[in-house]
Amino acid sequence: MYETLALYIDGEFVSGEGRKTQDVVNPATGDVLGQLPHATQKDLDRALAAAERAFQSWKVSSPMDRAAVLRKVGQLSRDQAKDIGRNMTLDQGKPLAEAVGEVVSCSEHADWHAEECRRIYGRVITPRNPDVRQIVVREPIGVCAAFTPWNFPYNQAIRKVAAAIGAGCTVILKGPEDSPSAVMAIARMFHEAGLPKGVLNVVWGDPPVISDYLIRSPIVRKISFTGSVPVGKQLAALAGQHMKRATMELGGHSPVLVFDDADIDRAAKMLAKFKLRNAGQVCVSPTRFYVQEKAYEEFLAKFTEVTKGVKVGNGLEDGIEMGPLAHQRRVPAMSKFVEDAKKRGGKIVTGGEPIAGPGYFFAPTIVTDLPEDSMLMTEEPFGPIAPIVRFKDTEEVLKRANSLPFGLSSYVFTNSLQTATKVSNGLEAGMVNINHFGSALAETPFGGIKDSGIGSEGGTETFDGYLVTKFITHI
Ligand code: NAD
C-alpha cells in the first residue's frame, strides 16, 4: 500500500475539503500513485500558530522526553524500513535495496539526536569580580521552517526534523512534492511515537509560494534548506532580509583525484558503482574525475567495464542497480550536458542517451577529453554522467579541483600519506574522503563551504543551527 498523502497540522492528518491536489508519479513507469493535497494559506497559518503554541512547552521539555520520542521513532523506522523503502522506490525511483538502506541507516539519525540532546551544554565564565556569577546558556531558537528535496527524501527530512525537535524547537516541514511518501512516513511515526501536537507540521504546495510565506512570517525564527544553489541563495537572501538564521545544504561538483600510486583497480570499481548510486542524483556524488597520467588508461578501462555492466531498470525488480531519474525534467537536463560535451570535443565512451520505453531513464554515461570550461566540468550534472580527464601533478590538480564556486565533498585515491595530507589540507571542500566513502554518518558533520552551503548537519555540530546563546550575569 502506498502512503496516504495528507498535510499534518497540529497533530492531525488533513486532506480533501476542496484543496488543490497534484499527481504523484512513478518515474519508472509514468503511472500515477496518488494525489498530494496542497496547503491553503489558512493551512499555513494554522501550522504557524500550532508550531508557535507548541514551542512554549516543547522548549522547556525535558531532554529525556525528547530523547524518548526520538528513540521510539528510530525503532519504528527500523521496523517499517521495508514498507517505507518500497514506497520511496515507487515515487523516487531508486533501487529497493538503496531505498530500504536509506531508511535503516537514517534510523540512526533519530538515535543520535536522542543521545546528543542530553548533551546540550552551557558554561560558566570565571568572573572578574568574585561576587558575580556569569553563565552562558543555549536555548532553542524557536519555530523552524525546513525545506527538503526529492533525491534522499527520507534522509534529508529526518536529519532536519530530529535536530530541530531534539534541540527543543518546533518545525514546519515542506517536503518534496514529487516524492512525498518518505516525509509522510516520518510524520506518521512521530505521531505514533507520541510527539505533542504542533511540534512537527508537514505542508505541501508550490515551493516558492510556501517558502516565501513561511520565511516572511514573524513566527519563524530559523530556516533550513537542502536543494540547488540558486534556490538556496534566494531563500538565504530572504532569510537575511528578515534577520533569520539559515542552514543551507546545497549542490556541489565533487572532484575525484586518483593518483598514479593508488590501487587503481579498487578505485575504479568503487567509484563507478558509487557514481551511479541514486542514478547520480546525489549532492555529494563524485562528478569530476581527475586521473593522473600513468593511471589514466587503466582507470578508464576498468571504470567503463563496471559502468557498462550496471543493470538499469525499475527499482522494484531484482538485481536492478540503477533506477530512472526522479522526474521527466531531468532527462532533457542530462541530454543538454551531453550535447555541450560533444560540441566541445568530448568523446562519449558509453551511454549518452535516454533509454527508450516508459519511465525517465538515462543511460550511464562516461565522457572523456573535455575542456575544463565545458558545461559538464563546471555545472553540477546531478545524474548518471561521469566526465574523466587527466592531470599531471598535485599542485595542478588542486588548482583545478578548487576552481569552481562549489565546496561540498571531494574524493582522493592515493597510497602516499604525504599526498593524502597535502590534498586534504589543500582541497576547498566541507568533506574530504580518502581511499573510501565515509560521509553522512549520524556522528559525522555533513555540510559544504563556498556556494555549497552554510552550516553542518549531524555530528556534535548538529544542534548549532537550532540553538541561540544567552549570557546571564548576576551578583
Ligand atoms: P529545482 O532547483 O527546481 O529544485 C530543487 C529542490 O528545491 C526541489 O526539492 C524543489 O521542490 C525545491 N525548491 C525549488 N524552488 C524552491 C523555493 N523557491 N522554495 C523552496 N523550495 C524550492 O531543481 P530540480 O529540477 O528539482 O532539481 C535539480 C537540481 O536541484 C539539481 O541540479 C541539484 O543541484 C539540485 N538538488 C540538490 C539537492 C541536494 O541534495 N543538495 C537535492 C535535490 C536537488
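Every number for a ligand or one of its atoms is a count from 1 in the order of the listing.
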Quick look: Phe225 vs ligand 1, heavy-atom contacts under 4.0 Å, and the answer is side chain
Between Pro176 and ligand 1, find which residue part has any heavy-atom pair under 4.0 Å and reply side chain, backbone, both or neither.
neither
Option with minimal heavy-atom separation from atom 14 (C) of ligand 1, where the choices are Val209, Asn151, Val231
Val231
Mind checking whether Ser211 has an N or O less than 3.5 Å away from an N or O of ligand 1?
yes
In this structure, are over 12 heavy atoms from other groups packed under 6.0 Å from Glu353 atom CD?
no
With backbone taken as N, CA, C and O and side chain as the heavy atoms from C-beta onward, which portion of Gln281 lies under 4.0 Å from ligand 1: side chain, backbone, both, or neither?
neither
Taking atom 10 (C) of ligand 1 as the reference point, report whether a protein heavy atom occurs under 4.0 Å from it.
no
Taking only Lys NZ, Arg NE, NH1 and NH2, and the carboxylate oxygens of Asp or Glu, determine whether Arg216 and Asp212 approach each other closer than 4.0 Å.
yes
The protein heavy atom nearest to atom 29 (C) of ligand 1 is Ser228 CB, 4.1 Å
Does NZ or CZ of Arg188 come closer than 6.0 Å to the centre of the six-membered ring of Phe13, within 45° of the ring's axis?
no
Tyr8 ring center near Phe190 ring center (under 6.0 Å)
no
Heavy-atom pairs closer than 4.0 Å: do any link ligand 1 to the side chain of Leu235, the backbone, both, or neither?
side chain
Heavy-atom count check: over 12 atoms from other residues, nucleotides or ligands less than 6.0 Å from Lys450 NZ?
yes
Close N or O approach (Arg329, ligand 1; < 3.5 Å):
yes
Under 6.0 Å between the ring centres of Trp204 and Phe147?
no
Are the charged groups of Glu321 and Lys273 less than 4.0 angstrom apart, N to O?
yes
Heavy atom of protein closer than 4.0 angstrom to atom 25 (O) of ligand 1
yes
Nearest protein heavy atom under 4.0 Å from atom 4 (O) of ligand 1, yes or no:
no
Ligand 1 and Thr226, any nitrogen or oxygen pair closer than 3.5 angstrom?
no
What do we get for His327 next to ligand 1 when only non-hydrogen atoms under 4.0 Å count, side chain, backbone, both or neither?
neither
Looking only at side chains, do Asn278 and Gln92 share a donor and an acceptor under 3.5 Å apart?
yes
